[in-house]
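Working notes, beginning with the structure itself.
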Amino acid sequence: MKTVGLVVEYNPLHNGHHYHFQQSKIVSGADAVVAVMSGHFLQRGEPAMIDKWSRTEMALRMGVDLVLELPVAYSTQPAEWFAYGAVSALDAAGVVDSLCFGSESGDIQWLYDVAEAAYHESEEFHGLLQQELKAGIPYPAAYGKAIAHYVPGTNEEELAKPNNTLGLHYLIALKRLGSRIEPLTITRQKAGYHQLDITDRQIASATALRHLLFEKKMLEEIAPYVPVSTMEVLRREWNKGRTPIGWEHFARPLLLQLMNHSAVELAGYHEVAEGLEHRIKQSLSFLSTDSSHIVEDLINLLKTKRYTRTKLQRTLLRILLNHTKPKLTADLLRRGVPYLRVLGFSARGQELLKRMKKTAKVPVVTKVTSLADPSPLLDLDIQATSVYALAYPAAAERELFRDYYEPPVRV
């Protein structure tokens with residue numbers, strides 16, 4: 001059985017994702033699809049708009065065969081560690097032949113060339129990177145500029161595009177892991193990664209769809225842009241008041257964390273550096289207690305040229321989830337995923353799981369209590385689910401412990 005791997009968030013799953021899914025099977029010649037999917041908190045430092053089991057159901061009903069959870073330790077990281085965690089999961093499964101990612105360029109060769117030169121990260125490259133960072137620009141832009149100087153001929157503008165950037169880091173991760181997985185890419189179609197306006201009758205970005213849900217409160221308006229099965233899941237969860245979930249749902253627990261910690265204590269959290277802890281504490285006194293967008297107001301108060309929205313969201317998320325620096329060291333992340341958490345599977349996915357009993361490099365987890373030697377990263381996933389449940393209008397205690405009892409989704 002030939003298998004292709006996808007790295008996804010599906011927030012929510014839309015027709016563009018369906019196109020990527022179909023094309024990935026075509027270009028890879030795969031019979032089965034394994035998706036590594038972020039859990040309740042995502043790469044840009046945001047909560048998922050709908051829970052991970054609902055998004056797993058969307059994926060399986062579209063045709064994905066096996067959904068593995070990307071641990072929150074990786075799913076909320078900048079591109080380098082996000083990609084490394086996802087690729088390490090696909091590699092650890094031992095059943096994935098190829099990885100197909102979307103990119104703005106649709107051309108993998110130039111990304112190969114850059115990855116080949118960049119994955120060693122020599123002292124020269126680090127010097128260039130530090131030089132750009134000292135200029136006060138955000139890390140992603142600094143990384144792109146350093147790469148452009150380090151690898152002559154690199155198109156800095158192309159490299160800065162979100163999917164191209166992720167694609168580069170997938171390739172670098174494959175090289176660092178010595179993986180046999182073959183990388184493939186297809187061109188992102190019709191809607192840009194952050195495109196807010198809708199210009200096509202069938203394909204819109206997840207950003208645009210979330211805008212319709214959060215700002216316009218128009219669930220049925222997104223129907224033309226998502227598969228029928230996605231709409232069925234969204235309607236069900238919408239009627240229960242369990243979607244859309246956004247940052248403002250976590251305003252109270254976040255503010256409690258910020259108020260209860262001194263600047264020195266805040267400095268102990270992952271992503272808090274360069275005096276940001278003082279800026280956070282100072283900003284609290286300027287927040288309006290009458291605002292219905294208090295997290296948004298806080299981010300706007302904190303934003304500078306150096307501290308982008310994404311950087312700040314990730315920082316606040318670390319504080320919300322209690323991710324201190326010792327919990328997410330580079331040495332720990334460099335080891336790759338220490339387990340493979342199964343969120344759902346199809347009949348074909350069940351065959352893959354049987355194969356993985358022999359091929360997987362790390363334990364395969366279908367029930368979190370079955371792991372003989374629990375991982376600290378799995379503890380972070382369980383805690384993240386408990387925090388996510390706080391967003392529900394009437395969350396029962398059972399929701400806080402859902403990771404302990406929820407079986408994998410089967411379709």
Side-chain angles (χ1 to χ4, degrees), residues 5-11 34-48 51-52 55-56 59 66-93 96 99 101 119 121 139-140 143 162-163 165-177 179 181 183 269-271 310-311 313-343 360-365 368 371 374-385 387-388 403:
L6 310 179
V7 181
V8 304
E9 290 185 330
Y10 291 161
N11 189 45
V34 175
V36 176
M37 190 185 78
S38 301
H40 285 130
F41 296 94
L42 310 179
Q43 203 255 331
R44 288 177 54 80
E46 299 169 321
D51 73 82
K52 61 188 180 185
R55 286 181 290 121
T56 295
L66 177 62
V67 180
L68 304 173
E69 181 174 4
L70 179 61
V72 70
Y74 292 101
S75 72
T76 52
Q77 292 279 5
E80 177 184 4
W81 286 120
F82 174 89
Y84 187 82
V87 171
S88 74
L90 291 173
D91 185 68
V96 177
L99 161 63
F101 58 89
Y119 87 99
E121 291 200 353
Y139 184 88
Y143 187 92
N163 294 110
T165 298
L166 268 177
L168 172 64
H169 285 293
Y170 292 142
L171 296 176
I172 290 174
L174 287 168
K175 289 180 176 295
R176 288 181 177 162
L177 289 163
S179 177
I181 294 174
Y269 285 97
H270 192 66
E271 301 259 8
T310 298
K311 162 66 178 175
Q313 287 184 156
R314 289 197 193 110
T315 301
L316 295 176
L317 187 57
R318 298 306 180 189
I319 297 169
L320 175 69
L321 297 179
N322 198 34
H323 289 178
T324 57
K325 287 173 180 173
K327 293 180 180 179
L328 294 175
T329 65
D331 285 342
L332 183 149
L333 295 173
R334 205 172 285 119
R335 298 171 197 164
V337 296
Y339 56 88
L340 296 171
R341 171 77 185 281
V342 178
L343 288 178
K361 299 176 183 178
V362 296
V364 178
V365 178
V368 297
L371 198 59
S375 164
L377 296 194
L378 184 56
D379 289 340
L380 296 184
D381 289 340
I382 293 169
Q383 291 160 13
T385 292
V387 173
Y388 190 82
D403 267 317

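Once rounded to the nearest 0.5 Å, the distance linking CG of Leu177 with CD1 of Ile172 reads 12.0 Å. Note that the OG1 atom of Thr329 and the CZ atom of Arg335 stand 6.5 Å from one another [nearest 0.5 Å]. Within the model, atoms CG of Leu66 and CE of Met37 stand 11.5 Å from one another, a figure rounded to the nearest 0.5 Å. Note that OH of Tyr269 and CG of Leu320 are 9.5 Å apart. Values are rounded to the nearest 0.5 Å. Atom-to-atom distance recorded for Leu174:CG and Ile181:CD1 is 6.0 Å, nearest 0.5 angstrom. Note that CG of Asp381 is 8.5 Å distant from OG of Ser375, once rounded to the nearest 0.5 Å.
Under the rule for a side-chain contact (heavy atoms from CB on, under 4.5 Å), the partners of His270 that lie at least two apart in sequence or sit in another chain are Gln77, Arg318, Leu328. Taking the side-chain contact (heavy atoms from CB on, under 4.5 Å) definition, one finds that Lys311 meets it with Glu271, Tyr307, Thr308, Thr315, sequence neighbours left out. Residues satisfying the ring pair (Phe, Tyr, Trp, His ring centres under 6.0 Å) test with Tyr339, not counting sequence neighbours, are none. Qualifying ring pair (Phe, Tyr, Trp, His ring centres under 6.0 Å) partners for His169, counting only residues two or more places apart in sequence or in other chains: Tyr143. Under the rule for a ring pair (Phe, Tyr, Trp, His ring centres under 6.0 Å), the partners of Tyr10 that lie at least two apart in sequence or sit in another chain are His17.
Counting only heavy atoms from C-beta outward, the side chains of Leu378 and Asp403 never approach each other to under 4.5 Å. A 4.5 Å side-chain heavy-atom check between Val368 and Arg341 finds at least one atom pair inside the cut-off. The shortest side-chain heavy-atom distance between Gln383 and Asn322 does not fall under the 4.5 Å cut-off. In this structure, Val36 and Val8 have side chains that are not in contact, with every pair of non-hydrogen atoms separated by 4.5 Å or more. Put simply, the side chain of Leu377 reaches to within 4.5 Å of the side chain of Leu332, judged on heavy atoms. Counting heavy atoms from C-beta on, the side chains of Val34 and Leu90 come closer than 4.5 Å. Residues Phe101 and Asn163 are not in side-chain contact: their nearest non-hydrogen atoms beyond the backbone lie 4.5 Å or more apart.
The two residues Val67 and Ala59 make their nearest non-hydrogen contact at CG2-CB, 4.1 Å. Across Leu333 and Tyr74, no two heavy atoms sit closer than the pair O-OH, 2.5 Å. When all heavy atoms of Pro363 and Leu371 are compared, the closest pair comes out as CB-CD1, 3.6 Å. Nearest approach of Pro338 to Val362, heavy atoms of both residues: O-CB, 3.6 Å. Of all heavy-atom pairs between Ala384 and Leu321, the closest is CA-CD2, 4.2 Å. In terms of heavy atoms, Gln313 sits closest to Gly45 at CB-O, 3.3 Å.
With hydrogens and angles disregarded, no donor-acceptor distance shorter than 3.5 Å links the side chain of Lys361 to the backbone of Ser88. Judged purely by atom type and a 3.5 angstrom limit, His323 has no side-chain atom pairing as donor or acceptor with the backbone of Ala73. Judged by distance alone, with hydrogens and angles left aside, the side-chain atoms of Glu69 form no donor-acceptor pair with the main-chain N or O of Leu343 at under 3.5 Å. In terms of modelled atom types and a separation under 3.5 Å, the side chain of Ser38 and the main chain of Glu9 share no donor-acceptor contact. Judged by distance alone, with hydrogens and angles left aside, the side-chain atoms of Tyr388 form no donor-acceptor pair with the main-chain N or O of Phe41 at under 3.5 Å.
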Throw together a table of side-chain donor-acceptor distances under 3.5 angstrom for residues 79-86, partners on residues two or more places apart or in other chains.
unit_1	atom_1	unit_2	atom_2	d
Glu80	OE2	Arg176	NH1	3.3
Tyr84	OH	Arg334	O	2.7

